[in-house]
There are 2 protein chains.
Amino acid sequence: MAIPRAARTQRRTRIQGEKEEQILEAALDVFSVSGFRGSTIDQIAEVAGMSKPNLLYYFRTKEAMHRALIDRVLFTWLEPLRAFDAEGNPESEIRSYIRRKLEMARDFPRESRLFANEVLQGAPHIEDELKGPLKQLVDEKAEVIRAWARAGKIAKCDPYHLIFSIWSTTQHYADFDVQVRAVLGQGQAGEGRFEDAARFLEQLFIDGLTIRPSQPTS
Amino acid sequence: MAIPRAARTQRRTRIQGEKEEQILEAALDVFSVSGFRGSTIDQIAEVAGMSKPNLLYYFRTKEAMHRALIDRVLFTWLEPLRAFDAEGNPESEIRSYIRRKLEMARDFPRESRLFANEVLQGAPHIEDELKGPLKQLVDEKAEVIRAWARAGKIAKCDPYHLIFSIWSTTQHYADFDVQVRAVLGQGQAGEGRFEDAARFLEQLFIDGLTIRPSQPTS
DNA sequence: TGTAATGTTTACCAATCGGTCAAATTATCT
DNA sequence: AGATAATTTGACCGATTGGTAAACATTACA
């Protein structure tokens, strides 16, 4: 008889690692498109290429699968913000933060959509992570930005809304990909759109945050 | 016996108007949170305070309800962009576009989330609207912006990505409301957060788009 | 008021949902 | 090889899903 799954933390077989990986990969496919409520275990099982009871052998419930997925992805997702360096040059830090976030939107759109779906639907499963670790990290980095502004290195601005605007503009290209493609048109959109976006956003944020010698009267 | 619903377009009773309104209101509540797949007719029926078969008397299918909702909301949603005036002053046009979009995020968050859910999930029901009317409108306004840049009224920039960035930053406050609240904290967040956002975004976009006399070397 | 059209509800359906169970199969270790 | 533990699956369960049928109630209008 199989060992109860709760006790499985002791030894991990080769198969366990492989299959759990395979399942989470499939779950990411499904959850990122349909959200938690809209996704079914059967869908995930089909994508994963295994039977439903087999999935439930590795993850007892649909919620456990979603949970494991979120936990694994959340850490990586905050990496760019964590790399934000207080000692660095403000302009290049902001510039490379935008680049990194945009690269993640390009290379890991499913992960972005997974969070977007979750937050959009009221974040019923990750409220604690948002109010805890996320808030803490943002608070910390906001203080860095505020210090830069106080030191006259960048224009005075609300650091929280600055972070929000970088999040939203970059993730937009993952979360609203269909819309972006539709508006740009299939033709010229190609793959240059991330390069174009990077150029635009860097210009916007750098010029928007540089202290300007004189305020032109319009 | 009831008239087949297909033929109901002829005469509309008082009750039809009221009930359809009531249903769409409830549907907005539910669809905007759970998306199409994640929402159930029973949920909507409960919110609407009527029985499930009664809903299905007015809208034959769940899809028809969603469809009607999207159609009604889409027009209003694009109003601010439509108001974008080629003859106006660039700075004040952009400023008031941001304001308008931010007001909509504040006053109609459900509508924003309805679209966000739909687009996020691949826009299976509104692909035509995106590629048709939406693209057309954006193309038109992008040309206005490009003309402003050519005339030296604003800095040169990709007009499409400018529009995308205004969309994403403003709608962020509706779509990711939970996250924004979590990060800002319940205490000081209050209701001033839309005012703060407006201030920040206006500064960002206006300063980011103003032509600067000299590029400071950092 | 009567009656035909409109509106509402109860009971129900087949399909799908998340999840269980026990039996069958495979991997691991001696 | 054989025993034991780990893995996989088909059959199944009760609850929920989108949707229907038909009886019942209400409204509008002559």
Side-chain angles (χ1 to χ4, degrees), chain A residues 1-27 29-31 33-69 121 124-125, chain B residues 1-27 29-31 33-69 121 124-125:
Chain A
M1 197 195 302
I3 287 181
R5 273 144 299 200
R8 236 189 21 224
T9 36
Q10 296 288 7
R11 283 195 236 164
R12 300 182 57 86
T13 33
R14 172 183 53 90
I15 294 183
Q16 270 174 39
E18 289 176 6
K19 287 299 168 96
E20 285 176 8
E21 188 66 27
Q22 195 176 336
I23 291 170
L24 289 182
E25 169 70 20
D29 256 21
V30 176
F31 281 135
V33 168
S34 302
F36 182 76
R37 291 217 47 191
S39 304
T40 71
I41 304 185
D42 296 85
Q43 285 178 339
I44 300 174
E46 197 189 332
V47 173
M50 44 214 289
S51 67
K52 177 165 66 172
N54 204 4
L55 287 208
L56 292 163
Y57 173 73
Y58 292 99
F59 298 94
R60 257 188 300 236
T61 64
K62 179 176 151 185
E63 189 146 355
M65 259 167 44
H66 189 255
R67 181 86 218 173
L69 194 54
Q121 303 183 4
H125 304 93
Chain B
M1 196 194 302
I3 286 184
R5 273 143 298 200
R8 232 183 30 220
T9 36
Q10 296 290 7
R11 282 196 237 165
R12 301 183 56 88
T13 32
R14 170 184 55 89
I15 295 184
Q16 270 174 38
E18 290 175 6
K19 289 299 170 92
E20 285 177 7
E21 187 67 28
Q22 196 176 335
I23 291 170
L24 289 182
E25 169 69 19
D29 256 20
V30 175
F31 281 135
V33 168
S34 302
F36 182 75
R37 292 219 45 192
S39 304
T40 71
I41 303 184
D42 297 85
Q43 286 178 338
I44 300 173
E46 197 189 331
V47 173
M50 44 213 290
S51 67
K52 177 166 64 170
N54 204 4
L55 287 209
L56 292 163
Y57 173 73
Y58 292 100
F59 297 93
R60 258 189 299 233
T61 63
K62 180 175 150 185
E63 190 146 355
M65 260 168 42
H66 189 255
R67 182 84 216 174
L69 193 54
Q121 302 183 5
H125 305 92

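Here the structure is a predicted model, which is why all the values come from computation and not from measurement. Convention: sequence-line order gives letters A, B, ...; per-chain numbering from 1.
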What is the distance, to the nearest angstrom, from the [atom1] atom on [X] to the [atom2] atom on [N]?
| X | N | atom1 | atom2 | result |
| --- | --- | --- | --- | --- |
| Y58(B) | dT20(D) | OH | P | 17 Å |
| I23(A) | dT7(D) | CD1 | P | 11 Å |
| R60(B) | dA21(D) | CZ | P | 13 Å |
| K19(A) | dT8(D) | NZ | P | 4 Å |
| F59(B) | dT20(D) | CZ | P | 15 Å |
| N54(B) | dC24(D) | CG | C1' | 13 Å |
| L56(A) | dA22(C) | CG | P | 16 Å |
| M50(A) | dT9(D) | CE | C1' | 11 Å |

[atom1]-[atom2] distance between [X] and [Y], expressed to the nearest 0.5 angstrom:
| X | Y | atom1 | atom2 | value |
| --- | --- | --- | --- | --- |
| I41(A) | L55(A) | CD1 | CG | 7.0 Å |
| Q121(A) | F36(A) | CD | CZ | 10.0 Å |
| L69(A) | I23(A) | CG | CD1 | 11.5 Å |
| Y58(B) | Q22(B) | OH | CD | 9.0 Å |

Assess whether one donor atom and one acceptor atom, taken from the side chain of K62(A) and the base of dG19(C), lie less than 3.5 Å apart.
-> no
Assess whether one donor atom and one acceptor atom, taken from the side chain of K52(A) and the base of dG18(C), lie less than 3.5 Å apart.
-> yes
H66(A) and F59(A): side chain to side chain contact (heavy atoms under 4.5 Å, CB included), yes or no, with the steps?
-> CA-CA 9 Å; H66(A) 189 255; F59(A) 298 94; over 6 Å; no
With a cut-off of less than 4.0 Å, is there a side-chain N or O of [X] near OP1 or OP2 of [N]?
| X | N | result |
| --- | --- | --- |
| S51(B) | dT8(C) | no |
| Y57(A) | dT8(D) | no |
| Q16(A) | dA6(D) | no |

Dot-bracket encoding of pairs in DNA chain C, which uses [ ] for pseudoknotted crossings and | for another strand, Watson-Crick or G-U under 3.5 angstrom | ||||||||||||||||||||||||||||||
Taking side chain as C-beta onward, heavy atoms only, is [X] less than 4.5 Å from [Y]?
| X | Y | answer |
| --- | --- | --- |
| I44(B) | K62(B) | no |
| T61(A) | R67(A) | no |
| Y57(B) | K19(B) | no |

Residues of residues 34-43 of chain B with any non-hydrogen atom less than 4.0 angstrom from an atom of DNA chain D: list those, numerically ordered, please.
-> S39(B), T40(B), I41(B), D42(B)
Stepwise side chain to side chain contact (heavy atoms under 4.5 Å, CB included) test for R37(B) and T40(A) | CA-CA 10 Å; R37(B) 292 219 45 192; T40(A) 71; 4.0 Å; yes
